[in-house]
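Just below is one structure, and these are the notes that go with it.
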Amino acid sequence: MRFLTYVLIALVAAAGGWAWFFGPYWLDYYKMEDVVGSAVLSWAAFNENKGKMELAEGLRKREIPDYLTPDACRFYQEGGGVKVVDCAWTVDVYLPLVDQARRLNFRVIQSAGSDGRLLE
């Protein structure tokens, strides 16, 4: 029974460490899904300028850190009037007791059809 207890404590400690070091960046990723979705819907409903303004405002409102700026996002149009916002960024996470950084790559792509609805 003691062995199982030690294994469970080690697993909880490892999960807590992972959440401490990598969790904030994954949380930013999930926030970006909403921000990018709002930006592409604003672009589809109004114009590209409005979409870019919505992106910048969403970054500010959702308190996305400064390592992620509107410059990381591209606005482009595909065939059939489909509007796409594509954001990609990388983050280097420095772990204690390790001399190298762990690079995390993220990408969020949202698109809206000509009818103004998000596409899957």
Side-chain angles (χ1 to χ4, degrees):
M1 193 61 143
R2 278 191 175 157
F3 177 73
L4 182 59
T5 303
Y6 292 135
V7 169
L8 288 175
I9 289 172
L11 288 174
V12 168
W18 185 93
W20 179 264
F21 289 107
F22 300 112
Y25 304 107
W26 281 96
L27 184 61
D28 292 338
Y29 168 77
Y30 291 117
K31 288 180 185 179
M32 279 300 291
E33 288 184 339
D34 291 336
V35 171
V36 172
S38 295
V40 77
L41 288 175
S42 291
W43 181 21
F46 301 103
N47 57 34
E48 186 174 343
N49 247 1
K50 180 71 173 166
K52 288 181 178 181
M53 287 177 18
E54 181 70 27
L55 177 71
E57 185 68 17
L59 290 173
R60 187 186 63 75
K61 280 184 181 176
R62 297 298 299 259
E63 298 177 352
I64 305 292
D66 291 337
Y67 69 84
L68 185 52
T69 63
D71 296 335
C73 300
R74 290 185 321 130
F75 285 69
Y76 61 91
Q77 204 163 351
E78 291 182 340
V82 175
K83 294 173 170 46
V84 180
V85 178
D86 180 357
C87 298
W89 67 98
T90 60
V91 179
D92 291 331
V93 180
Y94 296 94
L95 301 173
L97 307 174
V98 181
D99 287 339
Q100 26 177 258
R102 169 70 193 239
R103 177 162 284 178
L104 302 176
N105 297 307
F106 296 101
R107 186 172 188 188
V108 175
I109 301 173
Q110 296 279 355
S111 54
S114 57
D115 60 353
R117 287 195 253 170
L118 284 177
L119 302 175
E120 296 284 329

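All residue numbers in this chain count up from 1 along the given sequence.
Under the rule for a ring-ring contact (aromatic ring centres under 6.0 Å, His included), the partners of Phe106 that lie at least two apart in sequence or sit in another chain are Trp26, Tyr29, Trp89.
A single hydrophobic cluster is seen to contain both Tyr25 and Leu95, as judged by linkage of ILVMFWY side chains at heavy-atom distances under 4.5 Å, directly or through other members. Transitive grouping of hydrophobic side chains (ILVMFWY, heavy atoms separated by less than 4.5 Å) keeps Leu27 and Val93 in distinct clusters. Taking hydrophobic clusters as Ile, Leu, Val, Met, Phe, Trp and Tyr residues chained together by side-chain heavy-atom distances below 4.5 Å, Phe75 shares a cluster with Leu118. Tracing side-chain contacts under 4.5 Å through hydrophobic residues (I, L, V, M, F, W, Y), one reaches Tyr30 starting from Ile64; they form part of the same cluster. Hydrophobic clustering (ILVMFWY, side-chain heavy atoms < 4.5 Å, transitive): Tyr67 and Phe22 are in one cluster.
Across Asp86 and Arg107, no two heavy atoms sit closer than the pair OD2-NH2, 2.5 Å. Of all heavy-atom pairs spanning Ala44 and Gly113, the tightest one is CB-O, 4.3 Å. For the pair Lys31 and Arg62, the tightest heavy-atom approach, listed with the atom from each and the gap, is NZ-O, 3.2 Å. Closest approach of Val84 and Ile109 over heavy atoms only: CG1-CG2, 3.7 Å.
Annotation for Lys50: atom NZ does not count as buried by contact number, only 12 or fewer foreign heavy atoms lying within 6.0 Å.
Interatomic distance, Arg117 CZ to Leu41 CG, rounded to the nearest 0.5 Å: 11.5 Å. The OG atom of Ser114 sits 8.5 Å away from atom CG of Leu119, with the distance rounded to the nearest 0.5 Å. Distance NZ/Lys83 to CD/Glu48: 9.0 Å, rounded to 0.5 Å. The CD atom of Gln77 sits 5.5 Å away from atom CH2 of Trp43, with the distance rounded to the nearest 0.5 Å. Atom OH of residue Tyr94 and atom CZ of residue Arg102 lie 14.0 Å apart, to the nearest 0.5 angstrom. Atom CG of Leu59 sits about 5.0 Å away from atom CE of Met32, to the nearest 0.5 Å.
Considering only heavy atoms from C-beta on, Glu78 stays 4.5 Å or farther from Ser111 through its side chain. At a threshold of 4.5 Å between non-hydrogen side-chain atoms, the residues Val35 and Leu55 count as touching. Proximity of Phe46 to Glu54: side-chain heavy atoms (C-beta onward) are nowhere separated by under 4.5 Å.
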